[in-house]
Amino acid sequence: MTKKIVITGIGATTPLGGTAVDTWTALLAGESGATTLEQAWVAETAIPVTFAAQARVKTADVLQRFEVKRLDPSSQFALIAGREAWADAGAPEVEPERLAVDWATGIGGVWTLLDAWDTLRERGPRRVLPMTVPMLMPNGPGAAIGMDLHARAGITTVVSACASSTEALVNAYNRLQAGLADIVIAGGSEAAIHPLPIASFAAMHALSTRNDDPATASRPYDVTRDGFVLGEGAAALVIETEEHAKARGAHIYAELVGGVVNSDAYHVTAPDPEGTAAARAMVSTVQNAGASLADVSHINAHATSTPVGDIAEYNALKRVFGDLLDGIPVSATKASTGHLLGGAGALEAFFTVKALAERTAPPTINLTSQDPEIPLDVVTTPRALPAGELLALSNSFGFGGHNAVVAFRSV
């Protein structure tokens, strides 16, 4: 029998705020998290893109000193978001053997890895820290949360580029449906604002080059969009069966009604321009939720602000919804947060859940001249969603041709 799976806790640390509450407030206010990078390595490396969407609150201001020293920034972000989500869920009493973690990252501990390489070259092997490998492992963030909360039902890490944390949510849903846990903490984190990833993304012309105006650089669907803005941070959701949540009197934000993961098998970086597999993922997600396409009330799009990616996603949406698409409000929240890579899906799932819970679709900033080839109903100021039962989709697509879609229903 299919179980109802619900969201009972949310946590985040992002370019818009150090908590989920602050992040959501800033998002609705139309703020941008993109700023000029002030670190010395910007000038030293002469990287062509000199801005990014950095976490607004430093991890050292939240975590204990030993945690900052022993965890890569990607794990630090994860621990902050995971703890907030757990507290928001009421710090539920649950047997460790019934608590699991489904986490995600796109790159993992890149700062630890590259700093250790510099240490090895400049100071020799004796100066390489013994914790280097545990810190750089992609499963480090999920492990940090799991050990902090004593999760013994399993800790799984997904690494599927920018689709990673949406896929982690799908895994969490399936784990709960299979009865393998009572509660799952799911989400994703990324800390890749480092000269090497920036240089690489810039070399492939994936990043915006608006060095003179970072706050307006991420502009999904705009005719002048020229690439994404690299972001960092984490978002976490506490997910459990409705039966378990109600038994403990938990507050329920929304129902997670399922998700689908598939692949383009088209190109390692470019999406299928026809959006065939992405469309199939959306259709299957809605069908698996026992709903119809006409039931979809809101979409949080992947919408990275790249010339190729935005139109490919539109083609997929049009393939799915046809004329119905004209009546569906679409939010492209990376305009405010930048692109958190492996953490993006979880962050946008959080936004989708809040949109349903507060019946307010968040705005897409920086859209001044909409691309006529992408005639979506884009939400540019906070918009009230209708009364009654609502169904919303959150899309994520990643390098390697990964597609992941999740659906939420209002409660």
Side-chain angles (χ1 to χ4, degrees), residues 11-15 52-55 59 63 67-68 70-85 100-116 131-149 151 154-172 184-194 196-198 200-201 206 228 230-237 259 261 302 304 334 337-350 394 396-400 402-404 406:
T13 181
T14 76
Q54 301 174 93
T59 59
L63 299 175
E67 293 171 326
V68 174
R70 295 182 183 179
L71 295 172
D72 181 81
S74 61
S75 295
Q76 295 172 33
F77 291 139
L79 195 57
I80 291 169
R83 283 174 174 171
E84 183 192 3
V101 177
D102 278 300
W103 204 256
T105 185
I107 296 178
V110 64
W111 270 102
T112 295
L113 175 62
L114 296 177
D115 279 356
M131 285 292 290
T132 297
V133 170
M135 289 171 66
L136 66 83
M137 299 186 306
N139 64 310
I145 294 172
M147 288 186 287
D148 192 57
L149 297 175
I155 302 170
T156 304
T157 298
V158 175
V159 182
S160 53
C162 307
S164 298
S165 52
T166 300
E167 185 171 344
L169 296 176
V170 176
N171 288 349
V184 179
I185 304 166
S189 55
E190 205 73 86
I193 299 178
H194 179 285
L196 181 60
I198 292 175
S200 178
F201 280 129
F228 73 84
L230 185 58
E232 66 180 5
L237 302 176
V261 175
H302 184 60
T304 59
K334 288 184 181 71
T337 66
H339 190 357
L340 271 65
L341 307 181
L347 179 58
E348 287 149 27
F350 146 36
S394 182
S396 293
F397 311 117
F399 282 3
H402 301 284
N403 306 309
V406 286

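These values consider heavy atoms only, across backbone and side chains, with no hydrogens, waters or symmetry-generated copies.
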Do you know the tightest heavy-atom contact between [X] and [Y]?
X	Y	answer
Ala404	Glu167	CB-N, 3.9 Å
Ala346	Ser165	N-OG, 2.8 Å
His339	Cys162	NE2-SG, 3.2 Å
Ala191	Val110	O-CG1, 3.5 Å
Ala78	Ile145	O-CD1, 3.4 Å
Val159	Pro138	CG2-CB, 4.0 Å

With distance as the sole test, does [X] use its side chain to make a donor-acceptor pair with the main-chain N or O of [Y] at under 3.5 Å?
X	Y	result
Glu190	Gly342	yes
Lys334	Phe228	no
His402	Ala163	no
Glu232	Ile193	no
Trp103	Ala236	no

Point-to-point distance, once rounded to the nearest 0.5 Å, from [atom1] of [X] to [atom2] of [Y]:
X	Y	atom1	atom2	value
Leu347	Leu237	CG	CG	9.5 Å
Leu340	Ser164	CG	OG	12.0 Å
Ser189	Leu341	OG	CG	11.0 Å
Leu71	Met135	CG	CE	7.0 Å
Thr14	Gln54	OG1	CD	12.5 Å
Thr156	Asp102	OG1	CG	5.0 Å

### Task
Start with the C-alpha distance between Val261 and Asn403, add both sets of side-chain angles, then the distance that settles side-chain contact (heavy atoms from CB on, under 4.5 Å), and finish with yes or no.
CA-CA 6 Å; Val261 175; Asn403 306 309; over 6 Å; no
### Query
Between Asn139 and Thr157, does any side-chain donor sit less than 3.5 Å from a side-chain acceptor?
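There is no such pair between these side chains.
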### Message
Is it the case that the side chains of Glu348 and Ser394 hold a donor-acceptor pair, with the cut-off being a distance below 3.5 Å and no angle test?
### Response
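Not at all, the side chains of Ser394 and Glu348 share no donor-acceptor pair under 3.5 Å.
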Does the side chain of [Y] come within less than 4.5 Å of [X]'s, by heavy atoms?
X	Y	value
Thr59	Phe77	yes
Val184	Val101	no
Leu136	Met131	no

### Query
What's the verdict on side-chain contact (heavy atoms from CB on, under 4.5 Å) for Leu63 and Arg83, showing C-alpha distance, side-chain angles and the deciding distance?
CA-CA 11 Å; Leu63 299 175; Arg83 283 174 174 171; 3.6 Å; yes
